[in-house]
Amino acid sequence: MQTPTLFALLLLLVLVAYGTGFSRAIATARSRGGVRSLASLPNYYGVHTALWCGLPALVILGLWMLFDDAIIRTLVLGGVADKPETISGQNLLYAQIQNLAAGNLIGATTPQIQAAADHLVSLRQSGRWMQTTITLILAAGLGVYTLLRISPELRAREKVEKVLRIILLACACAAIFTTVGILMSVLFESLRFFQSVPVTEFLFGLHWSPQMALRSDQVGSSGAFGAVPLFTGTLMVSAIAMFVAVPVGLMSAIYLAEYAGNKVRAFAKPLIEILAGVPTVVYGFFAALTVAPFVREVAQSMGMEASSESALAAGLVMGVMIIPFVSSLSDDVINAVPQSLRDGALGLGSTKSETVRKVVIPAALPGIVGGVLLAVSRAIGETMIVVMAAGLAANLTANPLESVTTVTVQIVTLLVGDQEFDSPKTLAAFALGLMLFISTLILNFIALHVVKKYREQYD
Amino acid sequence: MSTMTLNAGEAVPAQKEATQPVAEQTEVKSRAANPNSQVDGTVGSPFCDDAKLRMRNVNVFYGESQAIHDVSLDIGRNQVVAMIGPSGCGKSTFLRCLNRMNDTIEGCRVEGELSLDGEAIYGPKVDVVPLRARVGMVFQKPNPFPKSIYDNVAYGPKIHGIASRRAELDEIVENSLRRAGLWNEVKDRLDKPGTGLSGGQQQRLCIARAIAVSPEVILMDEPCSALDPIATARIEELIDELRENYTIAIVTHSMQQAARVSQRTAYFHLGKLVEVNDTETVFTNPEHDLTEAYITGRFG
Ligand SMILES: Nc1ncnc2c1ncn2[C@@H]1O[C@H](COP(=O)(O)OP(=O)(O)OP(=O)(O)O)[C@@H](O)[C@H]1O
Ligand SMILES: [Mg+2]
C-alpha cells in the first residue's frame with residue numbers, strides 16, 4: 001500500500017476510535033446514572049482511545065520510514081558476492097542497482113547487478129506490505145484494547161493530558177537537539193582545524209591570510225589564521241551600524257507611538273517596515289556604488305585618506321537596514337505600556353516629553369533592549385553588505401575609513417570555490433562559525449541577564 | 001443610617017454658610033414621579049458663593065455618544081464634594097474634565113464653561129501642564145510608576161522643581177507618605193519598586209504621589225475601592241485633614257464614605273446631574289426620587 005493511503009487509513013481508524021470511545025463511555029455510564037458518573041467528560045474517553053490507536057502506530061511508521069532504506073541497502077549489498085571495498089565504490093554500485101530497479105538504466109548490466117536489483121524490488125514490496133500490516137494491526141489492536149478498558153472509573157482526562165504534555169516536551173526537545181546537533185558538528189570540525197592550527201594562534205593571531213599553497217614547496221605555503229582582524233572588523237561594522245540604527249530607530253518609534261496621529265501612523269509604520277523587506281544585496285550595491293564613493297569624497301575633501309571600500313560605508317548602510325528592527329519592536333513595546341501610567345504622569349503635571357522620558361521609556365526598556373539585541377545579532381550576521389562595501393582585506397585597524405572584513409564574509413569566501421574539504425582553509429570556516437556561535441551566545445546570555453535584572457527591579 | 005447621620009451632622013455648620021446664600025439661585029424642580037422618569041435639570045443647590053471650580057452647562061462626548069449632559073456644578077473652596085451614582089453614569093468622565101485628562105482620550109470632546117479660580121480651564125491659551133499641577137488626580141486603578149517607592153513620590157516635586165536639595169526632597173517624600181498612611185510600612189524599603197506593593201499600598205502610594213506636588217484641588221476617583229477598612233479610615237482622615245488647605249472632589253461607590261467625608265454630595269444618573277445638596281440632606285431627605293432610590297439601594 002502506498003504511504004499516503006496508509007496515512008489516510010490510519011486517520012480513518014483514529015476517527016473511528018474517537019467515535020467509539022466517546023459513545024462507549026456514554027454507554028458504560030448509562031447504567032450508573034448518566035454522564036455525570038464518568039470520571040472525565042466523554043470526549044476525553046474518545047481522545048484517549050484515539051491517541052492509543054494512532055500514536056504508537058505513527059511512531060512505528062515513522063521509525064520504519066527512517067531505517068527502511070538503510071536496512072534494505074545492507075540486505076541487498078550483502079547479497080552481492082564480490083562488492084567493492086571502499087564506501088564510495090559501494091555507493092556507486094548501490095546507485096546502479098537502484099537505477100536498474102527503477103527502470104532508468106538501460107544498457108550493459110551484469111547478471112549479478114540484475115539479480116541484486118530484483119532482490120531490491122522484492123524486498124521493497126514485502127517491506128511495504130509488512131509496514132502496512134504491522135501499522136494497521138497495531139492501531140486496531142491498541143484501539144480495541146483501550147476501548148475494552150473504558151470504564152467510568154478510568155481517569156481519561158489525566159491520561160490525555162499526560163500524553164499531551166509528553167508531545168509538547170518532545171517538540172521542545174526537537175528544537176534543543178537541533179541546536180546541540182549544529183553545535184556538535186561545528187565543534188568537531190573546529191577541533192580538526194585546531195589540530196593543524198593552534199588555538200592560541202587562531203584566537204590571538206593578528207594576521208589573517210588563509211591561502212594554502214597547492215604544493216608544499218611553494219612560497220607562503222602555510223596560511224596565517226589569526227582571527228583578531230576579523231573580529232575587530234565585525235565589531236567595528238556592527239558598532240557603526242548600531243550607532244545609526246539605535247537612535248534613529250528608537251526615536252522614530254517614540255514619534256510613531258507617542259506623537260503621531262492615527263493617520264500618520266497608519267502609513268508611516270508600513271513604510272518604515274518596507275526597509276526591512278529590501279533584499280540585502282540591494283543594500284549592498286547601494287552601499288558599494290553610492291555610499292562608499294560618497295564617504296570617500298567627503299573624507300578626501302576633509303583631507304583624509306579613505307579607501308574606496310570602507311567600514312564606514314558598510315556600517316552606515318547596515319544601520320539603515322536595521323532601523324526597522326529597532327523601531328518596529330520598540331514601537332510595539334512602547335504601545336504596550338499601559339495608558340494608566342501615562343495618565344498618572346500627565347495627571348501630576350508632566351509634559352509630554354517628561355512622560356515619555358521618565359515613565360514610558362523606563363517601563364518599556366526591557367523590550368527595547370530585547371529589540372536592540374536582536375538588531376545586534378542581525379548586524380553581526382549580515383554578510384552581503386560587507387562583502388560589497390567593506391571589502392575582503394583583513395586589515396587590523398581602528399580607522400573606519402579603511403577597508404575591513406568580517407567573520408561571516410570570511411566564512412563565505414573560505415567555502416566558495418573548489419577546495420579540499422579537509423584542508424585547514426575550509427575547516428577554518430567552522431572554527432569561525434564556532435566563535436561566532438559562542439559570541440552570540442554570550443551576547444544573548446548578557447542580554448537575558450540584563451533584562452531579567454531590570455524586570456526584577458520594576459515588576 | 002444612624003452613624004451616617006451622626007457623622008454628616010458634624011459637618012453641617014460649615015456647609016450651611018456655603019450653601020444657604022445661593023439657595024435662591026437654585027432651580028428646584030418638582031420631584032420626578034418614578035425612578036425611571038426623565039431627568040431634566042438638577043434639583044438641590046448646585047451653586048455656591050466661594051467656588052474654587054465652576055462648571056456651567058458641561059457636555060462631554062465620546063465620538064458620537066454623549067456621556068455628560070448639560071451639567072452645572074460649583075465646588076467650593078476647601079470643600080469636599082462627593083460624586084455618587086450607578087456605574088457608567090459618567091462620574092469619572094466628569095472628574096477628568098476638571099484637569100483636562102480627557103484631552104488624552106482620542107475623540108473625547110468637552111463643551112461648556114469650566115473655570116478654576118475664575119480662569120477658564122478650556123481656554124485657548126491655557127497650558128495644561130501647570131493646570132494639572134494645580135489640579136491633581138488619584139485614579140480609579142492604582143498606577144504606580146515602574147520606579148522605586150521613593151522615586152514615585154519624588155517624581156512630581158522633581159519635575160516641578162519644588163525641591164532643590166536632596167534633604168528637602170527627602171522631607172517631602174516622608175511627609176507625603178506619612179499623610180497617606182504608608183510611611184511605617186515602606187520606610188525600610190523606599191528603594192524597592194512601587195509596583196511590588198500590594199494593591200491597597202499602591203493606591204496609598206498614588207495618593208502620596210499626588211499630594212507631594214501640593215496641588216490646590218485633588219480629584220479622587222474611587223480612591224478606596226482597593227483598600228481595607230483600616231486603610232480606608234486613614235484615607236478618610238487624610239481627606240478631612242486636606243480639606244483645610246485643599247479642595248477635593250471624590251467619586252465613591254460607598255455611600256457611608258460619601259456621608260463621612262463630604263460636605264456636599266452630587267448624584268449622577270445616566271450622564272445627568274440629578275441632585276446636589278449638602279450631604280446630610282442627600283442622605284436623610286433626598287429631594288429627587290432617583291436619589292432616594294439609589295441611596296436606599298433600590299437600584300444602582
Ligand atoms: N474612553 C472612552 N471611550 C468611549 N466611551 C467611554 C470612554 N470612557 C467612558 N466611556 C463611556 O462613558 C460613560 C461614562 O463612563 P465613566 O467611566 O465616566 O463612568 P463612571 O460613572 O465612572 O462608572 P464607574 O462607577 O463604573 O467607574 C460610560 O457609558 C462609558 O461607556
Ligand atoms: Mg469611574
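Chain identifiers are assigned alphabetically (A, B, ...) following the order of the sequence lines, protein sequences preceding nucleic acid strands; residue numbering begins at 1 within each chain.
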(message) Could you report the tightest heavy-atom contact between B/P146 and A/L341, atom names first, then the distance?
(response)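 That closest heavy-atom pairing would be CD-CD1, 3.7 Å.
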So for [X], is it side chain, backbone, both, or neither that comes closer than 4.5 Å to the heavy atoms of chain A?
{"X": "B/E106", "value": "side chain"}
{"X": "B/P144", "value": "backbone"}
{"X": "B/R134", "value": "neither"}

(request) Check whether any side-chain N or O of B/H160 sits under 3.5 Å from a backbone N or O of A/L348 as a donor-acceptor pair, and report yes or no. (result)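 Yes; judged by distance alone, with no hydrogens or angles, the pair exists.
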(message) Could you check whether any side-chain N or O of B/K147 sits under 3.5 Å from a backbone N or O of A/A363, counting only pairs where one atom can act as donor and the other as acceptor?
(response)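 Absent.
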Near [X] [atom1], under 6.0 Å, is it more than 12 heavy atoms from other residues, nucleotides or ligands?
{"X": "B/K158", "atom1": "NZ", "value": "yes"}
{"X": "B/E171", "atom1": "CD", "value": "no"}
{"X": "A/F243", "atom1": "CZ", "value": "no"}
{"X": "B/K141", "atom1": "NZ", "value": "no"}
{"X": "A/R155", "atom1": "CZ", "value": "no"}
{"X": "B/K187", "atom1": "NZ", "value": "yes"}

(request) Sort A/K352 into side chain, backbone, both or neither according to what part of it lies under 4.5 angstrom from a heavy atom of chain B. (result)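 Contact with chain B is absent: no heavy atom of A/K352 under 4.5 Å.
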(request) Name the option with the most non-hydrogen atom pairs under 4.5 Å to chain B; the candidates are A/N262, A/D343, A/T351. (result)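 Among the listed options, the one with the most contacts to chain B is A/D343.
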Supply the atom-to-atom distance [X] [atom1] to [Y] [atom2], rounded to the nearest 0.5 angstrom.
{"X": "B/F145", "Y": "A/S340", "atom1": "CZ", "atom2": "OG", "value": "9.5 Å"}
{"X": "B/Y155", "Y": "A/E354", "atom1": "OH", "atom2": "CD", "value": "5.5 Å"}
{"X": "B/T104", "Y": "A/R342", "atom1": "OG1", "atom2": "CZ", "value": "10.0 Å"}

(message) As an exercise: rank B/D127, B/N143, B/V128 by heavy-atom pairs under 4.5 Å with chain A and give me the winner.
(response)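 Heavy-atom pair counts peak at B/N143.
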